[in-house]
Amino acid sequence: MRFLKEGLRYHGCAIKSGVKPTTFTTNHLINLYSKHGLLQQAHKLFDEMPERNVFTWNAIISAYIKSRNLTQARALFDSATHKDLVTYNSMLSGYVSADGYETHALELFVEMQLMRDQIGIDEFTLTTMLNLTAKLSVLSYGRQLHSFMVKTANDLNGFAVSSLVDMYSKCERFGEACRVFYGCGGELDLVSKNAMVAACCREGELEMGLNLFWREPELNDIVSWNTLISGYAQNGYEKESLKLFVLMAENGFRWSEHTFASVLNACSGLRSLKLGKEVHAWVLKNGLSSNPFISSGIVDIYCKGGNMKYAELVHAANGIENSFSVTSMIVGHSSQGNMVEARRLFDSLTEKNSVVWTALFSGYVKSQQCEAVFELLSEFRAKEVIVPDALILISVVGACAIQAAIDPGKQIHAYILRMGIHLDEKLMSAMVDMYSKCGNITYAENIFQRITHRDLILYNVMIAGYAHHGREKEQLLRIEDDNGARYVQLANVYAAEGKWAEMGRIRKKMRGKEVKKLAGCSWVYVENKVHTFTSGDRSHMKTEAIYSALVCLAAELNDIAQEEIRAGAVC
DNA sequence: GTATTAACCA
């Protein structure tokens with residue numbers, strides 16, 4: 001009985017003829033009904049069974065797990081008269097894949113360890129737990145699991161390698177992910193390869209990911225393509241991502257909804273309304289609007305393109321339940337300076353996650369409404385049980401920097417230390433920026449000195465701080481907006497410190513963003529028109545006339561100078 | 001019969 005139709009026919013015949021199916025057959029039927037979402041029918045069969053074995057319990061428990069009813073699944077788990085390792089592993093994986101049941105998963109795993117003699121732990125338990133570790137990003141758990149796997153010789157199969165690579169990558173240990181992947185020595189396993197390509201993308205090592213992708217390309221599946229397309233889009237290489245999308249079709253792969261979500265991401269990164277409209281039409285034509293990832297992607301494209309009217313229309317059609325869509329709208333209104341509307345949307349949400357809070361916080365900062373930022377922080381602390389995360393605090397520290405408010409800045413700094421909030425690179429940079437803009441370059445410098453992993457933003461902020469305090473020596477220090485000069489200058493800073501890898505990364509970033517170093521130029525206002533020129537510039541229409549005038553002027557200046565020197569000598 | 005890789009919002 002592999003198909004539902006077959007199962008239903010058999011079930012009907014059994015009822016009509018009065019023949020009671022065996023426990024074995026009924027177990028099969030329960031699994032079949034559960035697979036097709038017929039949970040009630042499955043449960044009815046379960047209730048009517050005169051005898052149940054361990055397979056019966058496993059079937060009904062996993063039926064509830066599949067339908068995301070973990071409370072009922074756990075109730076059945078607790079009342080089960082027969083349980084084996086599969087029962088435990090199913091319950092464990094149910095908890096791991098659901099949101100908000102992480103503690104339950106950990107507790108169950110502890111219970112399994114205590115009952116190791118009766119139940120045992122196998123490779124399924126271990127890979128499921130690695131998945132949880134990756135989700136929670138707790139490296140120490142991951143390391144313990146890895147050691148256990150090595151000890152029990154469970155560390156070399158495809159499932160183990162892919163889970164380990166994924167775990168180390170999500171715990172921000174790219175090097176260890178590489179070591180596991182290249183150390184396993186066996187044949188190239190597709191899922192492990194895909195996990196490693198994803199790890200490269202997460203690390204920003206796109207070239208490495210691409211090389212791996214083209215190694216044994218006949219192995220590649222749609223996940224390999226989707227991973228690469230998404231990786232390019234997320235690292236700011238939107239055009240390359242779209243090119244890969246075309247190449248994917250040329251290689252005979254049809255796109256999936258995952259592919260499309262990444263394509264939307266690339267389009268919103270390009271901030272092109274024209275492209276956005278084309279993609280929107282495509283989505284409508286292919287009936288993809290019901291996918292929440294895709295519909296919120298469309299809203300995001302219109303928000304990033306600055307067309308809030310269109311964004312509003314699509315958002316209204318999506319329904320307000322899509323929190324991604326709402327967040328995009330908040331960011332969109334904020335970028336237009338419409339904080340009233342942003343606030344209204346924020347208030348309309350019954351559940352507010354940290355991304356939504358961050359969106360509103362940074363909206364107020366961008367609109368320079370610093371008082372609103374401080375008020376929002378009090379509101380957050382009154383409403384939420386959790387402490388504000390680093391991204392929220394960056395906004396608050398940023399507001400202090402704008403107002404040059406050193407006392408509130410110090411208070412926030414003390415609050416962060418008191419609450420033991422993890423100071424990541426971005427928060428540290430914000431702090432350095434705040435102290436330097438509040439006029440205390442010494443504090444800024446102290447924080448800077450204590451940071452061991454200095455990234456591009458941090459150097460940027462510190463250099464700007466020195467420049468503003470008149471401490472520039474590295475004439476390169478002309479701090480302006482995001483232009484090529486700044487990247488080049490940073491690359492030079494890294495080069496001076498011998499950080500060649502970092503320098504290479506900036507150069508790569510420049511290529512990706514197509515940033516070009518602009519030569520410093522001067523301008524002159526003649527007859528209602530601005531004329532710009534650089535040193536040695538010969539591009540002006542009247543370049544010959546200009547240079548001959550310059551020769552005359554230089555000669556005249558020379559004469560005047562000679563005259564003055566002679567006069568000086570007489571005096 | 002349970003497990004692994006890819007998607008949206010700061």
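Order of the sequence lines sets the chain letters (A, B, ...), proteins ahead of strands, with each chain counted from 1.
- Counting only heavy atoms from C-beta on, T227(A) has its side chain closest to dA6(B) among dA6(B), dA10(B), dT2(B).
- Checked by distance alone, S162(A) brings a side-chain donor or acceptor within 3.5 Å of a matching partner on the base of dT4(B).
- Note on K170(A): only backbone sugar-phosphate atoms sit closer than 4.0 angstrom, heavy atoms only; bases stay farther off.
- Atom OH of Y182(A) is surrounded by more than 12 heavy atoms from other residues, nucleotides or ligands within 6.0 Å.
- dT2(B) has F124(A) stacked on its base ring, the centres lying under 5.5 angstrom apart and the planes within 30 degrees of parallel.
- Residue contacts shown for N58(A) include a base, since a base heavy atom lies under 4.0 Å away.
- Across all strands shown, D84(A) has heavy atoms under 4.0 Å from base atoms, whether or not it also approaches the sugar-phosphate.
- Looking only at atom types and distance, the side chain of N31(A) has no donor-acceptor partner in the side chain of S34(A) under 3.5 Å away.
- Taking CG from D433(A) and NZ from K426(A), the interatomic distance works out to 15.0 Å, rounded to the nearest 0.5 Å.
- A donor atom on one side chain and an acceptor atom on the other are not found under 3.5 Å apart for T128(A) and N131(A).
- Looking at heavy-atom distances under 4.0 Å, V331(A) makes contact with sugar-phosphate atoms alone, never a base.
- Regarding K426(A), its NZ atom lies at a distance of 11 Å from the P atom of dA10(B), rounded to whole Å.
- For S296(A) against dC8(B), a side-chain-to-base donor-acceptor contact under 3.5 Å is present.
- In this structure, of dA7(B), dT4(B), dC9(B), it is dA7(B) that holds the atom nearest to the side chain of S230(A).
- What separates CZ of F324(A) from P of dC9(B) is a distance of 8 Å, to the nearest Å.
- Comparing dT2(B), dA10(B), dC9(B) by their nearest atom to the side chain of L391(A) picks out dA10(B).
- Here N131(A) lies in heavy-atom contact (under 4.0 Å) with sugar-phosphate atoms only.
- Of the N and O atoms on the side chains of N58(A) and N27(A), not one donor lies less than 3.5 Å from an acceptor on the other residue.
- Out of dA7(B), dC8(B), dA3(B), the shortest distance to the side chain of T127(A) is found at dA3(B).
- Between dA6(B) and Q234(A), no contact under 4.0 Å exists linking OP1 or OP2 to a side-chain N or O.
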